[in-house]
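Quick note: numbers below take in every heavy atom, side chains included, and nothing from hydrogens, waters or symmetry partners.
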Amino acid sequence: MTPPDLDPELLRRLLRAKDRMDAASHEAWPVERLARVSRVSGAHFARSFKDAFGVPPHRYLLTRRIERAAALLRDTEQPITDIAFQTGWSSLGTFGRQFKDIIGESPGEVRARAQAQRELALAGVPACIVSAIERPQLNISVLEKRRREPGGTKGHRKSKEAK
Amino acid sequence: MTQGVQVVGLYVRDQDEAISFYEKLGFRVHTDVKNGNYRWLTVQHPEQPSFQLGLFAPGPPVLDEATAQTVRAILAKGAMPPLVFTVTDCRAMCEQIRAKGVEITQEPVDRYGTVDAGFRDPSGNGWKMIQARKS
């Protein structure tokens with residue numbers, strides 16, 4: 001079903017809440033706080049945000065946090081625990097689990113791969129080759145890939161959890 | 001220069017509001033001509049006399065009302081393409097426009113010698129403000 005047409009004036013205020021999450025994704029953004037930014041009620045906010053931007057606000061925030069954590073893992077030497085707390089998680093376990101659910105690899109794996117790539121690059125291997133090495137081998141469908149993985153039903157649980 | 005881009009247009013929800021906003025960034029009205037419902041409005045930065053930024057309101061007679069409504073929604077959602085404003089001092093400019101009530105969406109960040117920040121116009125157009133590396 002196509003979401004109802006929202007009033008541009010309301011959309012502009014919802015965008016303000018999205019901007020605020022972008023600017024400080026490590027902060028806690030309960031619906032009430034976001035709703036205040038957009039000057040609407042909490043219930044109205046959650047529904048309108050999803051209609052406007054296609055994802056519920058908390059899931060949008062999660063993607064921004066994961067994105068930032070992934071960048072810090074790749075670009076800095078900071079300990080994973082520090083990165084987890086710095087990007088808005090209060091538990092390392094939750095961070096690791098959600099990160100793996102979304103990215104498909106653990107934070108440690110992402111870091112190790114980034115380091116290996118840097119070493120290759122430093123060794124003088126051309127950048128295009130370095131990136132080709134990392135190209136995912138998607139010669140079967142994503143669904144099939146998921147089915148063949150040990151504990152292959154995990155994907156379904158994952159999509160439910162990420163709601 | 002005799003060939004190149006002369007005008008790039010932005011959609012704005014209200015042209016008068018847009019003039020006061022872009023004046024805060026240092027632009028001045030270049031052309032403001034009305035013909036019935038239609039208003040051709042461009043602004044120019046004094047340091048860039050070969051370029052005009054068009055500020056256009058979606059609506060009749062150019063767009064039918066239904067299309068205009070869609071454009072207004074896209075604009076308000078911040079889904080229009082990115083814009084870049086180049087400055088000599090990003091932090092100073094940010095403070096200057098913040099004092100005038102401009103919404104800073106991203107505080108200035110240093111990135112390997114360049115400094116960038118983000119802000120939005122009242123309609124929802126998103127700008128990056130970039131201070132180039134000193135050469």
* Asked: With the 4.5 Å side-chain cut-off for hydrophobic clustering, are B/Val102 and B/Val109 part of the same group?
  -> no
* Closest heavy-atom pair and its distance - B/Ala76, A/Pro8 -> CB-O, 3.2 Å
Using residues 77-86 of chain A as the side-chain source, report each donor-acceptor pair under 3.5 Å to any protein atom, sequence neighbours left out, with the distance given to one decimal.
none

* To do: Would you kindly confirm whether B/Ile97 and B/Val12 end up in one hydrophobic cluster when ILVMFWY residues are joined by side chain heavy atoms under 4.5 Å apart?
  => yes
* Kindly work out whether a path of hydrophobic side-chain contacts (I/L/V/M/F/W/Y, heavy atoms less than 4.5 Å apart) joins B/Val43 to B/Phe56. => no
* Asked: Is there a path of hydrophobic side-chain contacts, each under 4.5 Å between heavy atoms of I, L, V, M, F, W or Y residues, that connects A/Val31 with A/Phe49?
  -> yes
Output the donor-acceptor atom pairs between chain A and chain B under 3.5 Å, with atom names and distances to 0.1 Å.
| unit_1 | atom_1 | unit_2 | atom_2 | d |
| --- | --- | --- | --- | --- |
| A/Arg12 | NE | B/Pro122 | O | 2.8 |
| A/Arg12 | NH2 | B/Glu103 | OE1 | 3.0 |
| A/Arg12 | NH2 | B/Asp121 | O | 3.0 |
| A/Arg16 | NE | B/Glu103 | OE1 | 3.3 |
| A/Arg16 | NE | B/Glu103 | OE2 | 2.9 |
| A/Arg16 | NH2 | B/Glu103 | OE1 | 3.0 |
| A/Asp19 | OD1 | B/Arg120 | NE | 3.2 |
| A/Asp19 | OD1 | B/Arg120 | NH2 | 2.8 |
| A/Asp19 | OD2 | B/Arg120 | NE | 2.5 |
| A/Ala52 | O | B/Lys77 | NZ | 3.0 |

* Under a 4.5 Å side-chain heavy-atom rule over Ile, Leu, Val, Met, Phe, Trp and Tyr, are A/Leu11 and B/Ile74 clustered together? -> no
